[in-house]
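Okay, so here's the structure we're looking at.
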Amino acid sequence: MGVRNPPRFRVESNSTAYHFFDGSNFTMTRTKVVQILKTVPPGTEVDVRGWVRTKRESKQDFAFLEVNDGSCLANVQIVVDANVPDYSTLIKQIHTGASVAVIGEVKESLGKGQRVEVHARTLKVLGTADPQTYPLQKKGHSFEFLREKAHLRPRTNTFGAIARVRNALCTAVHNFFQARGFLYVQTPIITTSDCEGAGQIFQVTTLDLAKLQQLRGPIDYGHDFFGKKAGLTVSGQLEGEIYATAVGDVYTFGPTFRAENSNTTRHLAEFWMIEPEMPFYELEENMDLAEAFVRSIVKDVMDHCADDLAFFNERIEPTLLTSLQNIVEHDFIRRTYTEAIEILEKSSQPFEYPVSWGKDLQSEHERYLTEQHFKQPVILTDYPREIKSFYMRCNDDGKTVRAMDVLVPRIGEIIGGSQREERHSVLIDRMQECGLNPADYWWYLELRQYGTVPHSGFGLGLERTVQLLTGMTNIRDCIPFPRTPKSAEF
RNA sequence: UCCCCGAUAGCUCAAUCGGUAGAGCGAGCGGCUGUUAACCGCUAGGUCCUAGGUUCGAGCCCUAGUCGGGGAGCCA
C-alpha cells in the first residue's frame, strides 16, 4: 500500500545505486528513462532498457531510436552510429515495438526537441517485433482497436499515461485517508448477503451446472460450497459499517462487481470503489469529507502527473486542466434535491425527460446542473425516499432521506453517499417499505440494537475518477482489463 | 435490456445511380537528412464481418446473425 509520499528513493548521479529511505539498498544497472530526462547529468554512463517507439534511420550509418520504458510519457532519444558493434545487423532488426538494452553516455542533445540524449556504446536487441504483424504502429490508433489489443495497449502513450495517473490516484486515496487516521479495511469479495440493495449479483458456485441442468429440480444450495447461495460483492458498505461502529473511521478500497447488462461509457461489470464510513458523522460532515477528498486527490494527481495531464489536455480533452483547476480551487455547490428540481423547472432547457418532484434525476438533468447552470461540482442532498436505498436516514419531513450525490462536469455522478439510518425501528420499517426481509439483515440490524451511533459514508468510483482526471470518455479505457457484457478476453 | 449507427488492405477511412477495389499512414527496396508524426520515389499488400436472398451483375439492395461504437435505463 503506497501510503508514503514519493520520492521513496534517491538515485546516485551514476544512477546505479538505489538508496531507499527506509534504509535498504540495492544496486541495479538499469536507469529509468524518467531519471535520464530529469535528473541524470550529462557525462553519465547509463544502461537504458525499454521498447522502441520509432526508429529514424539514416543510410549513412547512424540512426535515432526513441525508447520508452513507461517510467514517464516522454521517450529518450538514443543515437546509434557505426561505432556500435554489429551496427548494421542490429539496426535492421529494430522496428517499432522491439525491446532493446543500450549502454551509452548521456549527452546534451544537438538536435531540437530534447534536452539530453544517450549516445550508444553498445546496443542489444532483447526482442524483435515483426513489423508485418506487430499491431501497434507509429501513428495513432483508435481506442476501439486498442481495446482489442489490451495486452499491448499499455505500450502506447495514452495508456501508459492512464496507468501512471491511475497509480497516482490510488496513492492519493490512501494518503488522504491515512493522513486523517482512517483504517484501511478489507471487506469480502464473496458475500452471501443476497440483497445488499445495489444491483444484480454475479453468482459464485461450485455446483456442477451441467449436472443441475439434467436434474431439473429445485437447487439445494445446502450442497454448494458455502452452504448457501453466494455471490460477488456489489458493495463493501454494509461490512464497512461494522468496522466504522467499532474502530472508528474506516475506508475500503477494492473491486466491486455488478452483473447488470449495462452498455455505456460509464459502467463496468468489474470496477474499483472506495467507500469510507465514519461514525458520529452526520450528512454535513459527510459532505465536507467528500468534497475535501475529491479536491485532495485531484490536486495530488495534478502535482505528480503534470506531464501526463498536459498530454491529456492537449490530445484528449482541451478543457481538462481548467476543469481540474476549477475543482481544486472552488467550493462545491450544495443544494437539496428539491432546490435542484426548482432550478430545472425554471430553466428553459428542452429536456427529453420531464422534471417533476419525486422522479429521479436523469443524466441530462445532472449534466445541466453541473455543466451549464453551476459550471462546477454540485452536491445534491435530501432525495425523495422512494428513489433511494433502505439504509439512508429518513428526514423528519417523512418524504426525503439524507442522501448525497456529488456531480461533476463531464462524468455526472462520481460519488453517492448518505447518512445511515441508525434507528433500529425506523430501519426495520424502511426495509419492509422497500420489500426487504429484515431477517436477512440480522447482523446489520444488530449494529443498531447494540450501541448504535449516527454514522455516514459514501462511495467513489475509481474508474470514473480516472475519467475525470484524464478526460477519457470511455470507462473501458480507464481500467487495465475491462469487463463488460460479452467481453472479458484478457 | 431498448433506440440509433457501423464492419472494405496491417491501421484510419473513401468508393457517385447496383457495373473492373482506392487513398493516406504503416511495411519492403532505393534516395536524402542531427533526425524527431522526418522527407522524396518505387513495390507488395483485399474471403469487402458471416449465412442466405433479389439481380444479367451486389462492397452497395433485402432477411437473419455475430461483433463494435454512441445514446437511454440501472448506478459508482
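Every chain is numbered from 1, with letters handed out A, B, ... down the list of sequences.
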Original post:
Which pairs with one or both residues in residues 363-378 of chain A pass salt bridge (Lys or Arg N to Asp or Glu O under 4.0 Å), sequence neighbours excluded?
Top reply: none
Subject >> Ring-ring centroid check A:Y368 A:F351, cutoff 6.0 Å >> reply: yes
Original post:
Going 5' to 3' along nucleotides 43-50 of chain B, which nucleotides have protein heavy atoms under 4.0 Å from the base (write B), which only from the sugar-phosphate (write S), and which from neither (write -)?
Top reply: --------
Original post:
In whole Å, what is the span from the NE2 atom of A:H365 to the P atom of B:G73?
Top reply: 9 Å
Subject >> Phosphate contact (B:G26 OP1 or OP2) by A:T96 side-chain N/O below 4.0 Å >> reply: no
Original post:
Would you say B:A72 has OP1 or OP2 under 4.0 Å from some side-chain N or O of A:R266?
Top reply: yes
Original post:
Given that both pair distances must be under 3.5 Å and the pair must be Watson-Crick or G-U, what runs of three or more consecutive pairs involve RNA chain B?
Top reply: B:1-7 with B:66-72, B:10-13 with B:22-25, B:27-31 with B:39-43, B:49-53 with B:61-65
**OP:** Using a cut-off of strictly less than 4.0 Å between a heavy atom of the residue and any atom of RNA chain B, enumerate the qualifying residues of residues 461-471 of chain A by number.
**Re:** A:G461, A:R464
Original post:
How is A:G459 classified with respect to the nucleic acid when contacts are heavy atoms under 4.0 Å: base, sugar-phosphate, or nothing?
Top reply: sugar-phosphate
**OP:** Could you tell me whether A:R367 contacts a base, only the sugar-phosphate backbone, or nothing, with contacts defined as non-hydrogen atoms closer than 4.0 Å?
**Re:** sugar-phosphate
Original post:
Are OP1 or OP2 of B:G69 and a side-chain N or O of A:R476 less than 4.0 angstrom apart?
Top reply: yes
**OP:** Tell me which of A:E364 and A:T54 sits closer to the 5' end of RNA chain B, going by the nucleotide each one is nearest to.
**Re:** A:T54
Original post:
Has A:F177 got more than 12 heavy atoms of other residues, nucleotides or ligands less than 6.0 Å from its CZ?
Top reply: yes
Original post:
Rounded to whole angstroms, how far apart are CZ on A:R153 and P on B:C11?
Top reply: 17 Å
Subject >> Atom C1', compared across B:U8 and B:A21: separation rounded to whole Å >> reply: 9 Å
Original post:
Should A:S142 be listed as having a side-chain N or O under 4.0 Å from OP1 or OP2 of B:U12?
Top reply: yes
Original post:
Which part of the nucleic acid, if any, lies within reach of A:L268 when heavy atoms closer than 4.0 Å are counted: base, sugar-phosphate only, or nothing?
Top reply: base
Original post:
Looking at A:R121 and A:E45, does any basic side-chain N land under 4.0 Å from a carboxylate oxygen?
Top reply: yes
Subject >> Under-3.5 Å donor-acceptor pair between A:Q77 side chain and B:U35 base >> reply: yes
Subject >> A:R56 vs B:A38: side-chain N/O to OP1/OP2 distance below 4.0 Å >> reply: yes
**OP:** Select base, sugar-phosphate, or nothing to describe what A:I414 touches, counting heavy atoms under 4.0 Å on all strands.
**Re:** sugar-phosphate
**OP:** Can you tell me, in whole Å, how much space there is between the C1' of B:C5 and that of B:A76?
**Re:** 28 Å
Subject >> d(OH, A:Y353; P, B:A72) in whole Å >> reply: 8 Å
Subject >> With sequence neighbours excluded, residues passing ring pair (Phe, Tyr, Trp, His ring centres under 6.0 Å) with A:F374 >> reply: none
Original post:
When we call it a touch if two heavy atoms are under 4.0 Å apart, what does A:Q114 touch: a base, just sugar-phosphate, or nothing?
Top reply: base
Original post:
For A:E66 and B:G34, what is the distance between atoms CD and C1' respectively, to the nearest whole Å?
Top reply: 13 Å
**OP:** In whole angstrom, give the distance that lies between atom CZ of A:F62 and atom C1' of B:C32.
**Re:** 11 Å
Subject >> From A:T265 atom OG1 to A:L268 atom CG, the distance as rounded to the nearest 0.5 Å >> reply: 10.0 Å
Original post:
Using the benzene-type ring in the case of Trp, are the ring centres of A:F176 and A:Y251 under 6.0 Å apart?
Top reply: no
**OP:** Please confirm whether any donor atom in the side chain of A:Q362 sits under 3.5 Å from an acceptor in the base of B:G73, or the reverse.
**Re:** no
Subject >> Greater than 12 external heavy atoms within 6.0 Å of A:K399's NZ >> reply: no
Original post:
Quick one: CZ on A:R402 to CD on A:E421, what's the gap to the nearest 0.5 Å?
Top reply: 11.5 Å
Original post:
Is any NZ, NE, NH1 or NH2 atom of the basic residue among A:R147 and A:D477 found under 4.0 Å from an Asp or Glu carboxylate oxygen of the other?
Top reply: yes
**OP:** Starting from P on B:C75, measure out to CG on A:L460 and report it in whole angstrom.
**Re:** 17 Å
Original post:
Taking the side chain of A:S109 as heavy atoms from C-beta outward, which of B:G34, B:C75, B:U12 is closest to it?
Top reply: B:G34
Can you give each donor-acceptor pair under 3.5 Å made by side-chain atoms of residues 95-102 of chain A, sequence neighbours left out, with the distance rounded to 0.1 Å?
from: A:T96; atom 1: OG1; to: A:R53; atom 2: O; distance (Å): 3.0
from: A:S99; atom 1: OG; to: A:G127; atom 2: N; distance (Å): 2.9
from: A:S99; atom 1: OG; to: A:G127; atom 2: O; distance (Å): 3.4

Subject >> pi-stack flag for A:F271 and B:A76, centroid dist under 5.5 Å, interplanar under 30° >> reply: yes
Original post:
Taking the six-membered ring for Trp, is the centroid-to-centroid distance between A:Y353 and A:H365 below 6.0 Å?
Top reply: no
**OP:** Using the C1' atom on both, measure B:U50 against B:G45 and round to a whole Å.
**Re:** 24 Å
Original post:
Does A:T265 make a side-chain N or O approach to OP1 or OP2 of B:G71 shorter than 4.0 Å?
Top reply: yes
Subject >> Sugar-phosphate, base or nothing in reach of A:Y134, heavy atoms under 4.0 Å >> reply: nothing
Original post:
What is the distance, rounded to the nearest whole Å, between atom CD of A:Q237 and atom P of B:C75?
Top reply: 14 Å
Original post:
If only side-chain N and O atoms of A:H95 are considered, is one of them under 4.0 Å from the OP1 or OP2 phosphate oxygen of B:G26?
Top reply: no
**OP:** Nearest whole angstrom, please: distance from the C1' of B:U35 to the CG of A:D81.
**Re:** 14 Å
Original post:
Looking only at N and O atoms, is any donor in the side chain of A:E117 or the base of B:G34 less than 3.5 Å from an acceptor on the other one?
Top reply: yes
Original post:
With respect to the phosphate group of B:C3, does any side-chain polar atom (N or O) of A:N263 fall under 4.0 Å of OP1 or OP2?
Top reply: no
Original post:
Glycosidic conformation of B:C17, syn or anti, with 90° from 0 as the boundary?
Top reply: syn
**OP:** Salt-bridge test for A:R393 and A:E282: reply yes if a basic N is under 4.0 Å from a carboxylate O, no otherwise.
**Re:** no
**OP:** State the CD-CG distance between A:E339 and A:D382, to the nearest 0.5 angstrom.
**Re:** 9.0 Å
